[in-house]
Amino acid sequence: MSQIDASKHNSDQLYKIRHSAEHILTQAMQRVYGKDKFYMAMGPATDDGYYFDFEPLNGFKISEEDFLKIEAEMAKIIKEKQPIIRSEITIDQAKELFKDNPYKLDWLNSIEDRNEIISIYKTGEEFTDLCAGPHVENTSEIKAFKLLSIAGAYWHGDEKNKMLTRIYGTAFETQPDLEKYLFMIEEAKKRDHRKLGPQLGIFFIDETAPGMPYWLPKGTVIINELLNFWRVEHQKRGYLETITPQLNKKELYETSGHWDHYREHMFICNMGENEIYCLKPMNCPNAMTIFKQGIHSYRDLPLRLSDCDALHRHEKSGELNGLLRVQKFAQDDAHIFVTEEQIGEEYKRILEIANLFYSIFGIKFKIRLGTRPDDFMGDIATWDKAEKELEQILIDNKFDYFVGEGEGAFYGPKLDILMDDCLGRQWQTGTIQLDFQLPRKFDLKYTDSDGSEKTPVVIHRVIYGSLERFMGILIEQFAGAFPTWLSPVQAKIIPITDSQHEYANKILTKLREEGIRVELDDRSEKMQAKIRDAQMEKIPYMLIIGGREVDSNSVSVRQRDGQDLGAIPFDEFLAKVKEQINTKSLNLIK
RNA sequence: GCCCGGAUAGCUCAGUUGGUAGAGCAUCCCCUUGGUAAGGGGAAGGUCAUGAAUUCGAAUUUCAUUCCGGGCUCCA
């Protein structure tokens with residue numbers, strides 16, 4: 001998913017350095033282990049480094065402990081100042097040169113098919129690789145490099161092919177650049193939601209329920225705030241919320257097609273023959289079932305049915321990832337039944353909602369227009385028309401988008417909202433999908449203005465995507481320091497001595513009556529210790545109460561960013577915080 | 001599912017060539033009542049992920065399982 005197309009960097013010095021570092025890595029491995037220990041498959045530069053894929057031979061096995069040895073050899077090659085020289089050869093010469101390497105031959109065949117020029121790069125006298133380049137001119141130009149990790153990867157990214165061994169590494173123009181990069185990775189890891197979430201009491205995942213998060217009280221507050229906001233904004237826009245069955249007989253999924261195409265992802269309860277139930281993996285079939293109730297007029301459309309129930313999808317082991325990939329989740333889902341003429345207008349309305357939501361969180365997103373995949377359903381003309389229409393809407397509304405060829409769903413084109421996690425990996429959150437198929441499968445009908453029966457089109461759409469994934473992204477976005485309206489605890493009252501407890505309790509009650517989520521720290525600890533603990537919890541406001549505040553009916557406000565706002569009259573603080581919460585401000589008072 | 005790693009107290013981590021476990025923080029108790037990021041003392045807390053194997057003896061070696069991490073594939 002995070003594989004990066006580095007071709008755009010072909011001319012960059014950094015790209016050359018990285019690609020050459022990858023050649024040096026391969027050369028070093030040949031020296032250390034011998035050429036007969038692996039087939040070189042391929043190795044490109046990427047946006048943040050490079051990788052090298054190979055097939056181990058003769059029981060050869062490598063682990064990260066071997067990196068030191070390899071890196072030492074790489075350093076040697078660099079020190080030897082070996083020239084890297086390009087030359088072009090014919091297909092026959094190339095096939096002879098790489099006759100012992102099935103991967104290179106495979107590669108050569110596709111180059112031959114495309115009728116491209118064949119170039120090789122030679123490092124000194126000992127190493128040659130089939131490569132489009134470009135490279136640095138001399139190994140000594142590699143000033144800073146490091147091997148990072150070992151992974152497995154399928155040849156050509158295809159599950160059916162053999163799994164190769166991949167070594168990831170990176171290289172930079174200077175040593176400080178490399179160190180800066182490694183430092184940034186370490187810093188990013190500190191905001192990892194898998195670490196921060198449990199630390200801040202937001203969620204945890206127990207091994208008895210893999211991929212199914214427990215939302216702790218603080219996490220539940222946030223989820224509910226997200227949903228409240230969502231409900232208010234959608235109610236305003238004519239959405240109607242529903243609640244539908246968690247378990248459905250398999251017959252429902254036979255109708256929808258999921259029993260045939262999606263069964264491996266469904267949790268199935270076998271209660272005996274003719275009584276096989278499935279935990280719902282998505283809401284669509286239930287939405288179709290609702291639409292089937294009663295008779296619909298064109299006047300009823302668009303009909304916007306939303307549903308935020310829990311969904312369960314069984315994922316293969318190894319595919320789970322914190323909150324970003326789970327087995328139990330809830331989508332902020334809605335199915336909108338429209339006529340074909342209404343598609344454009346409805347998409348516009350949905351994109352407006354997306355804009356509103358993401359701006360509230362201060363999150364930038366990209367849109368991917370997924371076009372017709374190979375295994376599509378329906379007719380090409382309808383697809384083309386829909387794709388064009390979607391693209392026009394993106395252009396008209398000046399969205400940052402790109403086209404993902406063949407990335408549409410099999411039932412229709414889609415717009416995906418994409419965001420990055422703290423490690424730069426890209427995740428899909430929202431998605432707006434057009435569906436011509438499901439309404440047909442369920443034989444949905446409405447009566448048009450001329451009295452004829454027609455099948456509606458369905459738009460599947462989520463804005464947050466899944467609340468779980470969105471929460472994961474949010475935790476990382478804010479590094480756990482949520483804007484006040486989302487903060488599980490918005491203020492902590494910190495009395496300096498026990499003699500302020502009466503006043504502290506009074507403002508505790510008052511703030512709670514006003515709907516502020518506030519806690520009182522009445523432990524017999526030093527004020528400094530209480531402040532430290534509140535800081536660690538990332539609570540936006542600490543209200544310090546000493547004798548002076550009691551006498552003046554005020555609170556001394558310390559913000560979590562370290563700012564000391566001094567004594568503020570209690571009513572003034574209350575008004576300011578309420579204002580901030582109501583406007584869902586991303587900032588603190590000052 | 002696949003490739004490579006990992007799992008020691010609630011948390012963060014020590015644990016030398018195999019001889020049945022340690023620290024800091026958190027918890028509980030006592031003392032301490034203080035102006036913007038940790039006051040002091042004491043107690044309690046672990047079948048070293050689980051199950052086998054090797055051994056006189058396993059946290060430590062081997063195998064399997066579960067879960068976790070980095071990737072691949074797949075996906076919201």
Side-chain angles (χ1 to χ4, degrees), chain A residues 1-3 51 53 55-56 61-66 148-168 189 192 194-195 198-199 204-211 262 264-265 281-282 311 313 315-327 329-333 409 414 416-419 423 425 427-431 433 460 462-470 472-473 494-501 523-536 542-549 556-560 562-567:
Chain A
M1 189 111 202
S2 66
Q3 268 342 304
Y51 63 80
D53 285 354
E55 183 191 340
K61 208 182 145 181
I62 199 162
S63 81
E64 283 169 29
E65 285 167 25
D66 299 303
L148 298 173
S149 61
I150 290 186
Y154 299 104
W155 174 238
H156 285 323
D158 188 336
E159 204 175 1
K160 291 183 204 82
N161 288 337
K162 206 173 275 188
M163 176 154 289
L164 308 172
T165 303
R166 172 174 294 181
I167 294 182
Y168 280 97
K189 279 185 190 158
D192 191 324
R194 293 169 301 196
K195 195 137 183 76
Q199 223 171 63
F204 71 94
I205 299 176
D206 189 74
E207 64 178 60
T208 55
Y262 205 74
E264 57 176 322
H265 288 290
M282 70 274 299
L311 304 175
R313 294 183 189 176
E315 302 294 354
K316 289 191 260 177
S317 75
E319 288 180 338
L320 301 178
N321 187 320
L323 291 177
L324 301 180
R325 186 74 180 275
V326 292
Q327 297 200 107
F329 60 105
Q331 294 185 314
D332 58 318
D333 206 1
K414 59 177 187 168
D416 293 324
I417 297 177
L418 303 176
M419 286 163 44
L423 294 175
R425 295 176 294 201
W427 294 89
Q428 180 181 327
T429 53
T431 178
Q433 309 183 354
H460 308 254
V462 286
I463 304 295
Y464 292 135
S466 90
L467 286 153
E468 280 70 9
R469 181 176 287 181
F470 196 76
I473 300 270
I494 299 179
I496 295 175
T497 72
D498 290 356
S499 42
Q500 287 92 42
H501 281 187
R523 291 175 304 164
S524 121
E525 285 288 345
K526 286 189 72 168
M527 174 200 61
Q528 284 87 340
K530 296 182 190 180
I531 287 177
R532 179 171 188 274
D533 290 343
Q535 263 324 128
M536 307 273 278
M542 284 151 263
L543 310 180
I544 317 290
I545 310 288
R548 299 203 290 268
E549 286 75 15
S556 272
V557 180
R558 179 196 161 97
Q559 296 187 159
R560 70 177 162 213
Q563 278 201 80
D564 181 355
L565 308 190

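Residue numbering restarts at 1 for every chain, and letters A, B, ... go by the order of the sequence lines. The shown structure was predicted, so the numbers you read here are calculated from the model rather than taken from an experiment.
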Checklist outcome for this item: Residues at least two apart in sequence or cross-chain that pass ring pair (Phe, Tyr, Trp, His ring centres under 6.0 Å) with A:H501, listed by chain then number, are none
Checklist outcome for this item: Sorted by chain and number, sequence neighbours left out, side chain to side chain contact (heavy atoms under 4.5 Å, CB included) with A:T497 holds for A:S499, A:Q500
Next on the checklist: Could you tell me how far B:G51 sits from B:U66 if I compare only their C1' atoms? Round to whole Å.
Outcome noted: 11 Å
Checklist entry - Using atom P of each nucleotide, how far apart are B:U36 and B:A23 to the nearest Å? => result 34 Å
Item to check | Interatomic distance at P, B:A49 relative to B:G15, whole Å | outcome: 15 Å
Next on the checklist: I'd like the C1' distance from B:C4 over to B:G41, given in whole Å.
Outcome noted: 48 Å
Next on the checklist: What is the separation between atom NZ on A:K530 and atom C1' on B:U32, rounded to the nearest whole Å?
Outcome noted: 13 Å
Next on the checklist: Any base atoms under 4.0 Å from A:G472, or only sugar-phosphate, or nothing? Heavy atoms, all strands.
Outcome noted: nothing
Next on the checklist: With rounding to the closest Å, how many angstrom separate the C1' atoms on B:G1 and B:U55?
Outcome noted: 37 Å
Checklist entry - Would you say the side chain of A:K530 lies within less than 4.5 Å of the side chain of A:M542, judging by non-hydrogen atoms? => result no
Item to check | Short side-chain N/O contact from A:R325 to OP1 or OP2 of B:C74, under 4.0 Å | outcome: no
Checklist outcome for this item: Here the distance between atom C1' of B:G35 and atom CG of A:L565, to the nearest Å, is 15 Å
Below 3.5 Å between N/O atoms, which protein atoms pair up with nucleotides 2-13 of chain B? Just atom names and distances, please.
{"unit_1": "B:C3", "atom_1": "O2", "unit_2": "A:G152", "atom_2": "N", "d": "2.9"}

Item to check | Rounded distance in Å - CG (A:L543) to C1' (B:G35) | outcome: 14 Å
Checklist entry - With rounding to whole Å, what would you report as the distance between B:C48 and B:A21 at their P atoms? => result 10 Å
Checklist outcome for this item: Checking B:U73, B:A76, B:U33 against the side chain of A:E159 (C-beta onward), the nearest is B:U73
Next on the checklist: With the criterion set at under 5.5 Å between ring centres and under 30 degrees between planes, would B:A76 be stacked on A:W427?
Outcome noted: no
Checklist outcome for this item: Taking B:G71, B:G70, B:G1 as options, the one with an atom nearest any side-chain atom of A:N321 is B:G70
Could I get a table of every N or O pair under 3.5 Å where one atom is in the protein and the other is in nucleotides 60-64 of chain B?
none

Next on the checklist: Categorize A:G430 for me: base, sugar-phosphate, or nothing, with a 4.0 angstrom heavy-atom threshold over every strand shown.
Outcome noted: nothing
Item to check | Selection from B:U73, B:U33, B:G70 that lies nearest to any side-chain heavy atom of A:S149 | outcome: B:G70
Item to check | B:G40 to B:C25 separation - C1' atoms, rounded to the nearest Å | outcome: 16 Å
Next on the checklist: I'd like to compare against my own output: the B/S/- annotation of nucleotides 36-42 of chain B with a strict under-4.0 Å heavy-atom distance to protein.
Outcome noted: BBBS---
Checklist outcome for this item: Nearest-nucleotide check on RNA chain B, A:D158 vs A:D416; residue mapping nearer the 5' end is A:D158
Checklist entry - Closer than 4.0 Å, any side-chain N/O of A:R523 to the OP1 or OP2 of B:G34? => result no
Item to check | Closest to the A:L320 side chain, choosing from B:A76, B:C68, B:G35 | outcome: B:C68
Checklist entry - Are any non-hydrogen side-chain atoms of A:I544 and A:I531 less than 4.5 angstrom apart? => result yes
Checklist entry - For the side chain to side chain contact (heavy atoms under 4.5 Å, CB included) test, which of A:V462, A:I463, A:I417 pairs with A:T429? => result A:I417
Checklist entry - Listed by chain and number, what are the side chain to side chain contact (heavy atoms under 4.5 Å, CB included) partners of A:M163, not counting sequence neighbours? => result A:Y154
Item to check | Side-chain touch A:Y262/A:R313, heavy atoms, less than 4.5 angstrom | outcome: yes
Checklist outcome for this item: Closest non-hydrogen contact found for A:I494 with A:A534 is CD1-CB, 4.4 Å
Next on the checklist: What is the separation between atom CD1 on A:I545 and atom P on B:G34, rounded to the nearest whole Å?
Outcome noted: 16 Å
Checklist entry - What is the distance from CZ of A:R548 to C1' of B:G35, rounded to the nearest Å? => result 6 Å
Item to check | By salt bridge (charged side-chain N to carboxylate O under 4.0 Å, His left out) - contacts of A:E525 (at least two apart) | outcome: none
Item to check | Listed partners of A:K195 passing salt bridge (charged side-chain N to carboxylate O under 4.0 Å, His left out), at least two apart | outcome: none
Item to check | Integer-rounded Å distance: B:C68 P and A:L323 CG | outcome: 12 Å
Next on the checklist: A side-chain contact here means heavy atoms from C-beta on lying under 4.5 Å apart; do A:H460 and A:Q331 qualify?
Outcome noted: no
Item to check | Touch class at under 4.0 angstrom, heavy-atom based, for A:R313 against every strand present | outcome: base
Item to check | A:E549 side chain to A:A567 backbone, donor-acceptor under 3.5 Å | outcome: no
Next on the checklist: On RNA chain B, does the nearest nucleotide to A:Q433 precede the nearest nucleotide to A:H156 from the 5' side, or the other way round? Give the residue.
Outcome noted: A:H156
Item to check | Consecutive-pair stems (3 or more, Watson-Crick or G-U, under 3.5 Å) for RNA chain B | outcome: B:1-7 with B:66-72, B:10-13 with B:22-25, B:27-31 with B:39-43, B:49-53 with B:61-65
Item to check | Side-chain heavy atoms of A:L323 within contact of A:I473, under 4.5 Å | outcome: no
Item to check | Residue list, salt bridge (charged side-chain N to carboxylate O under 4.0 Å, His left out) with A:D53, at least two apart or on another chain | outcome: A:R166
Checklist entry - Given the C1' atoms of B:G71 and B:U12, what is the spacing between them in whole Å? => result 27 Å
Item to check | Partners meeting salt bridge (charged side-chain N to carboxylate O under 4.0 Å, His left out) with A:E159 (sequence neighbours left out) | outcome: A:K316
Item to check | Close side-chain approach of A:N321 and A:W427, heavy atoms under 4.5 Å | outcome: yes
Checklist entry - In whole angstroms, how far is the C1' atom of B:C74 from the CD atom of A:Q327? => result 13 Å
Checklist entry - Which is true for A:E468 with a 4.0 Å heavy-atom rule: it touches a base, it touches only sugar-phosphate, or it touches nothing? => result nothing
Item to check | Interatomic distance where CD1 belongs to A:I205 and C1' belongs to B:G69 [whole Å] | outcome: 13 Å
Item to check | For A:R560, side-chain hydrogen bond (donor to acceptor under 3.5 Å, both in side chains) partners two or more places apart | outcome: none
